[in-house]
Visitor: 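Here it is: the structure, laid out below.
Quantities reported herein were computed from a predicted structural model and do not represent experimental measurements. Scope of the values below: all heavy atoms of this structure, side chains included, with no hydrogens, waters or symmetry mates. Throughout, protein chains are lettered first and strands after them, A, B, ... in sequence-line order, and every chain is numbered starting at 1.
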Amino acid sequence: MQIATWNINSLTVRLAQVLAWLAANPVDALCLQELKLTDDKFPHEALREAGYEAAAFGQKTYNGVAILSRKPLRDVVRNVPGSEDTQARVIAGTLDTPHGALRLVNGYFVNGQAPDSEKFAYKMQWLQALQDWLRTELVAHPQLVLVGDFNVAPEDRDSYDPIGLAGTIHHTQEERDHFQALLALGLHDAYRLFEQPEKSYSWWDYRMLGFQKNRGLRIDHILVSEALRPSVRACTIDRAPRKNPQPSDHAPVVVTLAD
DNA sequence: ATGACTCCAATGTGGAGA
């Protein structure tokens, strides 16, 4: 089975591209971030015609996450329970597979703006709350996949300019420590389970021909639990949609698990 | 370069993203 994650930077603007991508890549589940629309405007019907059900968690203007799936998603949770977060950043649900229940957690992690900002402090709190929740989620759901736009470049090789950007947002030690703390829960970066091309990124700035010059960051990730690790067959970044007219600034990441 | 590009809310221009 295949699970994908894609920050589409407005589902209103990108719906046609999402449908085209799904037609070419009929994954079992697609996790979206930055819907930028309220739930009453979510395009359930267009997605249903494409063969996907959706659990959405949106808000006006900013944020918003959804899980699209070919088969029903159950036990859906919106945001980290008890977190009182006013921003729509997490949606989770369970898919029943031939190998048992698979818990899927989709996050639009806080950007954090700058290391000395209030938004960065919020990012740190948010990451801690996610970590604390996932610790218990993993006990309840040994087969768990955490996907999303993490807004963290975990290592220097995940940035086009690790020296020039050292200590700036996405590159700070605090953010990387949080990423490592997620791995320490018993999660594995699916992309790094395989040999990958150098300079592999999932996001490129719209400005200054960022994509054309491959000045990007690898900040969209798929983490799999220990129980799922032996099942992972591949993990790839699909750069093709970034070449579309009016693209999202992020590319989809896809993991393939043994059937 | 407090930039660049894109989206949103809104019709002025600024916030936010990363």
Side-chain angles (χ1 to χ4, degrees), chain A residues 5-18 21 31-43 56-66 85-90 106-127 130 147-179 191 199-221 237 239 241-253:
Chain A
T5 178
W6 192 9
N7 178 324
I8 38 88
N9 184 18
S10 168
L11 184 55
T12 307
V13 173
R14 230 69 66 189
L15 176 60
Q17 291 186 47
V18 171
W21 190 84
C31 297
L32 299 175
Q33 303 89 37
E34 284 209 90
L35 307 178
K36 294 186 173 181
L37 49 72
T38 47
D39 290 344
D40 59 306
K41 297 199 169 65
F42 190 91
F57 181 35
Q59 67 181 91
K60 193 172 179 174
T61 311
Y62 302 116
N63 309 314
V65 285
D85 200 336
T86 58
Q87 303 187 11
R89 293 185 174 276
V90 174
N106 174 25
Y108 174 47
F109 291 39
V110 177
N111 176 306
Q113 200 170 54
D116 58 353
S117 67
E118 283 183 21
K119 287 174 184 169
F120 190 83
Y122 168 51
K123 183 175 196 171
M124 294 297 109
Q125 289 173 359
W126 191 93
L127 284 163
L130 179 73
V147 311
D149 174 0
F150 284 51
N151 274 316
V152 179
E155 300 178 54
D156 278 357
R157 61 178 166 166
D158 299 314
S159 172
Y160 72 96
D161 187 9
I163 297 170
L165 296 173
T168 66
I169 200 66
H170 307 118
H171 300 71
T172 68
Q173 194 59 51
E174 295 97 317
E175 292 165 282
R176 289 176 169 180
D177 287 347
H178 268 292
F179 189 87
Y191 194 72
K199 304 184 191 307
S200 287
Y201 309 124
S202 65
W203 170 87
W204 300 262
D205 201 307
Y206 284 123
R207 298 168 293 187
M208 296 293 287
L209 302 174
F211 182 65
Q212 290 84 338
K213 295 177 178 175
N214 197 30
R215 293 161 69 92
L217 305 175
R218 192 177 72 94
I219 53 177
D220 300 272
H221 305 295
I237 299 171
R239 296 164 54 99
R242 190 62 178 77
K243 300 170 185 170
N244 290 343
Q246 205 174 13
S248 168
D249 43 357
H250 295 254
V253 185

Visitor: From the 5' end of DNA chain B to its 3' end, which nucleotides mark the outer limits of contact with chain A, defined by a 4.0 Å heavy-atom distance cut-off (strictly under)?
Guide: B:dA4 to B:dA18
Visitor: I'd like the C1' distance from B:dT11 over to B:dA1, given in whole Å.
Guide: 28 Å
Visitor: Taking only heavy atoms on the protein side, list every residue of residues 154-166 of chain A lying under 4.0 Å from any atom of DNA chain B, sorted numerically.
Guide: none
Visitor: Less than 3.5 Å apart, any donor N or O on the side chain of A:Q17 or A:N244 sitting next to an acceptor on the other?
Guide: yes
Visitor: A:K123 and A:N111: side-chain donor and acceptor closer than 3.5 Å?
Guide: no
Visitor: If you assign A:N63 and A:Y206 each to the DNA chain B nucleotide with the nearest heavy atom, which residue ends up on the more 5' nucleotide?
Guide: A:Y206
Visitor: On a whole-Å scale, what distance lies between the P atoms belonging to B:dG12 and B:dT2?
Guide: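 It works out to 30 Å between them.
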Visitor: Should A:F211 and A:R239 count as side-chain neighbours, where that means a heavy-atom distance under 4.5 Å?
Guide: yes
Visitor: Take the angle between the ring planes of A:W6 and A:W21 and call it parallel below 30°, perpendicular above 60°, tilted in between.
Guide: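 Aromatic pair A:W6/A:W21 classed tilted.
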Visitor: Do A:R14 and A:N9 have side chains that get closer than 4.5 Å, going by heavy atoms?
Guide: yes
Visitor: Taking the P atom of each, how far is B:dC8 from B:dA18, in whole Å?
Guide: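 One P to the other, the span is 14 Å.
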Visitor: Any base atoms under 4.0 Å from A:Y108, or only sugar-phosphate, or nothing? Heavy atoms, all strands.
Guide: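 Touches sugar-phosphate only.
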Visitor: Given that A:Q246 and A:K119 both sit by DNA chain B, which one's nearest nucleotide is further toward the 5' end?
Guide: A:Q246
Visitor: Please measure how far the P atom in B:dG15 lies from the corresponding atom in B:dA10, and state the result in whole Å.
Guide: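 One P to the other, the span is 15 Å.
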Visitor: Nearest heavy-atom pair of A:Y201 and A:Y160: which atoms, and what distance?
Guide: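 In this case the closest contact between A:Y201 and A:Y160 is OH-CA, 3.3 Å.
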Visitor: Would you call A:D149 and A:R89 a salt bridge, taking side-chain N to carboxylate O under 4.0 Å as the test?
Guide: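 Salt bridge: no.
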Visitor: Within the 4.0 Å heavy-atom criterion, would you say A:N111 contacts the bases, only the backbone, or no part of the nucleic acid?
Guide: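 Contact class for A:N111: base.
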Visitor: How is A:R14 classified with respect to the nucleic acid when contacts are heavy atoms under 4.0 Å: base, sugar-phosphate, or nothing?
Guide: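 Sugar-phosphate contact only - A:R14 comes under 4.0 Å of backbone atoms but never of a base.
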Visitor: Are any of the side-chain heavy atoms of A:K60 and A:K36 separated by less than 4.5 Å?
Guide: no
Visitor: Please work out if A:N7 contacts a base, only the sugar-phosphate, or nothing of the nucleic acid, heavy-atom cut-off 4.0 Å.
Guide: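 Since only primed, P, OP1 and OP2 atoms lie under 4.0 Å of A:N7, the category is sugar-phosphate.
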Visitor: Under a 3.5 Å threshold, yes or no: a donor from one side chain and an acceptor from the other, between A:Y191 and A:D220?
Guide: no
Visitor: Mind checking A:H250 for me? I need base, sugar-phosphate or nothing, with any heavy atom below 4.0 Å counting as a touch.
Guide: sugar-phosphate
